[in-house]
Amino acid sequence: MNKSRAKRMTKADLILISLLLFAGIAGFFAVRTLTGKDAVTVRILSDGELYGTYRLSEEQNIPILKNGNVVNTLQISGRNADMIQADCPDQLCVHQRAISRQGETIVCLPNKIVVEIAGGSDAGLDSISR
């Protein structure tokens, strides 16, 4: 007798898979909600130094200068920050989506520019003191 050795999923297997899937989805939304709290400021770092801090509630275009030349332009609009211009050849920072949640970043490696969303409570802290 040559019976098929394929195992069937039992009801317990389906329940376990469903619970794990539900826990994963719930965890994703919990982390997303927690990291998005109190996002009120945008910090721009140039060569590792603080270039400026701006409020997400104030719509504006911010030219980022290096050696007197505009190398990047950040647009704050609708409580989102978006890199709309860069003079680097790859334009990866321009193609990144707009950011609005605490902890999200936009990075322009050729120009050494980092844009990050910070919350109201820790807006004055740098990455070392967190």
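In this chain, residues are counted from 1 in sequence order. In this text, all values refer to a predicted model and were calculated from it rather than measured experimentally.
- Expressed to the nearest 0.5 Å, how far OG of Ser46 lies from CD of Glu49 amounts to 8.5 Å.
- When side chains are defined from C-beta on, Cys93 counts as touching Asn72, because their heavy atoms get closer than 4.5 Å.
- Here the shortest heavy-atom pairing between Glu59 and Ser77 reads OE1-OG, 3.7 Å.
- How far CD1 of Ile15 is from OG1 of Thr10: 8.5 Å, rounded to the nearest 0.5 Å.
- Rounded to the nearest 0.5 Å, atoms CZ (Arg55) and CD (Gln60) are 11.0 Å apart.
- Taken to the nearest 0.5 Å, the CG atom of Asp87 stands 8.0 Å off from the CG atom of Asn69.
- Applying the side chain to side chain contact (heavy atoms under 4.5 Å, CB included) rule to Leu50 yields the partners Arg43, Leu45, Thr53; only residues at least two apart in sequence or on another chain are considered.
- Here the closest heavy-atom approach between residue Tyr54 and residue Ile44 is recorded as CE1-CD1, 3.6 Å.
- For Tyr51 (side chain) and Leu65 (main-chain N/O), a donor-acceptor pair under 3.5 Å exists by modelled atom type.
- Interatomic distance, Glu58 CD to Thr41 OG1, rounded to the nearest 0.5 Å: 11.5 Å.
- Rounded to the nearest 0.5 angstrom, Met83 CE and Leu92 CG are separated by 11.5 Å.
- Contacts of Asp90 classified as side chain to side chain donor-acceptor pair (under 3.5 Å), with partners at least two apart in sequence or in another chain: none.
- Residue pairs meeting the salt bridge (charged side-chain N to carboxylate O under 4.0 Å, His left out) criterion with at least one partner in residues 12-28, sequence neighbours excluded, do not occur; the list is empty.
- For Ser57, the side chain to side chain donor-acceptor pair (under 3.5 Å) test picks out no residue, with sequence neighbours left out.
- Side-chain contact between Glu104 and Arg97 is present, with heavy atoms from C-beta onward closer than 4.5 Å.
- With sequence neighbours excluded, the residues forming a side chain to side chain contact (heavy atoms under 4.5 Å, CB included) with Asn80 are Ala98, Ser100, listed by chain and number.
- Closest heavy-atom contact between Ile106 and Ala81: CD1-O, 3.8 Å.
- Applying the side chain to side chain contact (heavy atoms under 4.5 Å, CB included) criterion to Ile25, with sequence neighbours excluded, gives Leu21, Phe29.
- Remark: Thr105 pairs with Val107, Glu116 by the side chain to side chain contact (heavy atoms under 4.5 Å, CB included) rule, at least two apart or across chains.
- Each of Val70 and Ile84 belongs to its own hydrophobic cluster when Ile, Leu, Val, Met, Phe, Trp and Tyr are linked at side-chain heavy-atom distances under 4.5 angstrom.
- Taking hydrophobic clusters as Ile, Leu, Val, Met, Phe, Trp and Tyr residues chained together by side-chain heavy-atom distances below 4.5 Å, Ile99 does not share a cluster with Val114.
- Judged as a side chain to side chain donor-acceptor pair (under 3.5 Å), and not counting sequence neighbours, the contacts of Gln85 are Thr73.
- Applying the side chain to side chain donor-acceptor pair (under 3.5 Å) rule to Asp82 yields no partners; only residues at least two apart in sequence or on another chain are considered.
- Screening residues 61-78 for salt bridge (charged side-chain N to carboxylate O under 4.0 Å, His left out) gives Asp47-Lys66 as the qualifying pairs, with residues at least two apart or on separate chains.
- For the pairing with Ile76, the side-chain contact (heavy atoms from CB on, under 4.5 Å) check across Val115, Asn61, Ile62 returns one residue only, Ile62.
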